[in-house]
Number of protein chains: 2
Amino acid sequence: MEPQRTPVDQPKSLQVADDLRLQIERGDLAPGDALPTIADLSARWGYSVNVVRDAFELLKAQGLVSGGRGRPAKVRVPLRRIVRSSDRHQEEKDLVLLSEEERRGPGAAETLQLQFTATYEEIRADVALAEAFGIDEGAKLLQRIYETTDPATRQRQSWSVSYLPHDLISANPALLDSANEPWPGGTQHQLHTVGVEVVRVVDEVAATMPTTVDLKLWGMEKGVPLLKVRRISFDETGRVVEISDADYPADRTELRFTIPLAKW
Amino acid sequence: MEPQRTPVDQPKSLQVADDLRLQIERGDLAPGDALPTIADLSARWGYSVNVVRDAFELLKAQGLVSGGRGRPAKVRVPLRRIVRSSDRHQEEKDLVLLSEEERRGPGAAETLQLQFTATYEEIRADVALAEAFGIDEGAKLLQRIYETTDPATRQRQSWSVSYLPHDLISANPALLDSANEPWPGGTQHQLHTVGVEVVRVVDEVAATMPTTVDLKLWGMEKGVPLLKVRRISFDETGRVVEISDADYPADRTELRFTIPLAKW
DNA sequence: GAGTGGTCTAGACCACTGT
DNA sequence: CAGTGGTCTAGACCACTCC
């Protein structure tokens, strides 16, 4: 007989992590349940405590476990997700963002109200923006930064920058004043007041991991991606009239796009 | 004078990681550049090598650094992203998925061809699916699993399950045979052959971190989220005619939704 | 205060890459 | 082969939570 090879030869920390992950996926460990302690697992497996700690860290990076520092590690319990729907193409108006079902369902008592801030600034188009708009570099743009926060948890729910060509909107000075936010009807309405009609919107969706800075800024836990949406708005002539970049934490956000289909 | 408090009191591993991150963000370290070696950084900071290793691990989890095992760690170089566009609501047809610009741009010589597999199976609706479709639990469904792979890198590019109520489509036996994939015109066309017209599609987009299993399955690196899309298709009567769940690796995928806007 | 996880050290050994 | 990062140990100390 040949000596039996170790079946998989996985690192010890992976063995421990996978065992716990399977317990979580099977439901043996339910959301909110405390994991066995590090010392416990260390003794049970006969591995160094650091091995178990590495396993915990891996599970946190995978978004399966939360906790720490004095508290036992727990199976992460999913947060309620706010639905960002393309039906209302007016992010500024999105102070109540729950879907119909959720608004009518249980727990709708505390009608989730998000705190809202807007900051305006006039800037000059850099190369990237100039190209995206199809305008000259250095052209004046109105930059607007929006941020929504859940007052209950004091956690940021969204952050976005949007750019509007200045000459598009200078006809209506009210548009240049952030004190008018939130504008009823959103950007669509704002542009309408200066004779621009948005007829098409393209959303590009990506996801990345937050940096250490982001984690603090958003009050996120490790293992939660950031959803990144670049929205480009076009008017009837195909001209780009607004570009916005928005970030949403993936554990509190669901993006919903409703698309009417062309008939076959 | 009071003794000066340490300005931030960050963990050493965070100090090192943040310093490297800033160098990357500033461009001092460009994509593809090798980071200083662990031993090097350890000596320079006067910290234990394990501290620097923790820093590297953090940067990998943030998707900023790739590498390891014999090779020096390097600043991650962004992959080319395949655009999944809502314009073509026929994932089965999406064998060429590059955007217009990319198809015409440089590097379009090797017209990216994805390998495609489909697996059909008849199943019974569980509680969740029954509710989602608004049909009885235990009703027959056609389950189709699609997978696309980039033959060049042998990496999986997408994976999806879709469900169709069996009684909807049994009128056309060809629909039950996976040998007919990829069906020209996709699900829309397939349903059309049995008199069903899809008029509305709702895409729900979320993002999570891949588990250890996913990492191997997709050949992904740490620090890359998975994009998850649930697509629900409705016919003229508002009935749900198809549900599909698709996963895409966020480093190789961009989702694009084009939405025609209602006039103000 | 007892118990939790988080950080860190010093040092060992290994797997892999390049030459 | 030398040099890289990956895994692991044994043990120390700390920050925090809960009783």
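Residue numbers start from 1 in every chain, and the chains themselves are labelled A, B, ... in the order their sequence lines are given, proteins ahead of strands. On a predicted model such as this, the values are computed, not experimentally measured, just so you know. Hydrogens, waters and symmetry mates are skipped; everything else that's a heavy atom, side chains included, is used.
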So what does K74(A) touch, heavy atoms closer than 4.0 Å: a base, only the sugar-phosphate, or nothing?
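Contact class for K74(A): none.
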Mind checking if R69(A) touches a base, just sugar-phosphate, or nothing, with heavy atoms under 4.0 Å?
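Touches a base.
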Report yes if at least one side-chain N or O of T37(B) is closer than 4.0 Å to OP1 or OP2 of dG3(D); otherwise report no.
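So the side chain of T37(B) is outside the cut-off, no N or O lying under 4.0 Å from OP1 or OP2 of dG3(D).
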May I ask you to evaluate whether K60(B) reaches the phosphate of dG6(D), defined as a side-chain N or O under 4.0 Å from OP1 or OP2?
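For dG6(D), OP1/OP2 do have a side-chain N/O of K60(B) under 4.0 Å.
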Nearest-neighbour nucleotide for the V51(A) side chain, dT9(D), dG5(C), dT7(C) considered
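Comparing dT9(D), dG5(C), dT7(C) against the side chain of V51(A), the answer is dT9(D).
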Nearest-angstrom distance from the residue atom [atom1] of [X] to [atom2] of [N]:
X	N	atom1	atom2	value
R53(A)	dG11(D)	CZ	P	17 Å
R71(A)	dG5(C)	CZ	P	12 Å
F56(A)	dC8(D)	CZ	P	16 Å
Q10(A)	dG6(D)	CD	P	17 Å
Y47(B)	dT7(C)	OH	P	14 Å
N50(B)	dG6(D)	CG	P	11 Å
K12(B)	dT9(C)	NZ	P	4 Å
E57(B)	dT4(D)	CD	P	19 Å

Taking atom types as modelled, find out whether S162(A) and R144(A) have a side-chain donor-acceptor pair closer than 3.5 angstrom.
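S162(A) vs R144(A): donor-acceptor pair found between side chains.
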Can you list the residues that meet the side chain to side chain donor-acceptor pair (under 3.5 Å) rule with K228(A), with sequence neighbours excluded?
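Side chain to side chain donor-acceptor pair (under 3.5 Å) list for K228(A), sorted by chain: D247(A).
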Which residues pass the ring pair (Phe, Tyr, Trp, His ring centres under 6.0 Å) test with F56(B), sequence neighbours left out?
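If we apply the ring pair (Phe, Tyr, Trp, His ring centres under 6.0 Å) test to F56(B), skipping adjacent residues, there are no hits.
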Counting C-beta onward and ignoring hydrogens, is there a side-chain heavy-atom pair between L255(A) and F257(B) closer than 4.5 Å?
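Of all side-chain heavy-atom pairs linking F257(B) with L255(A), none is under 4.5 Å.
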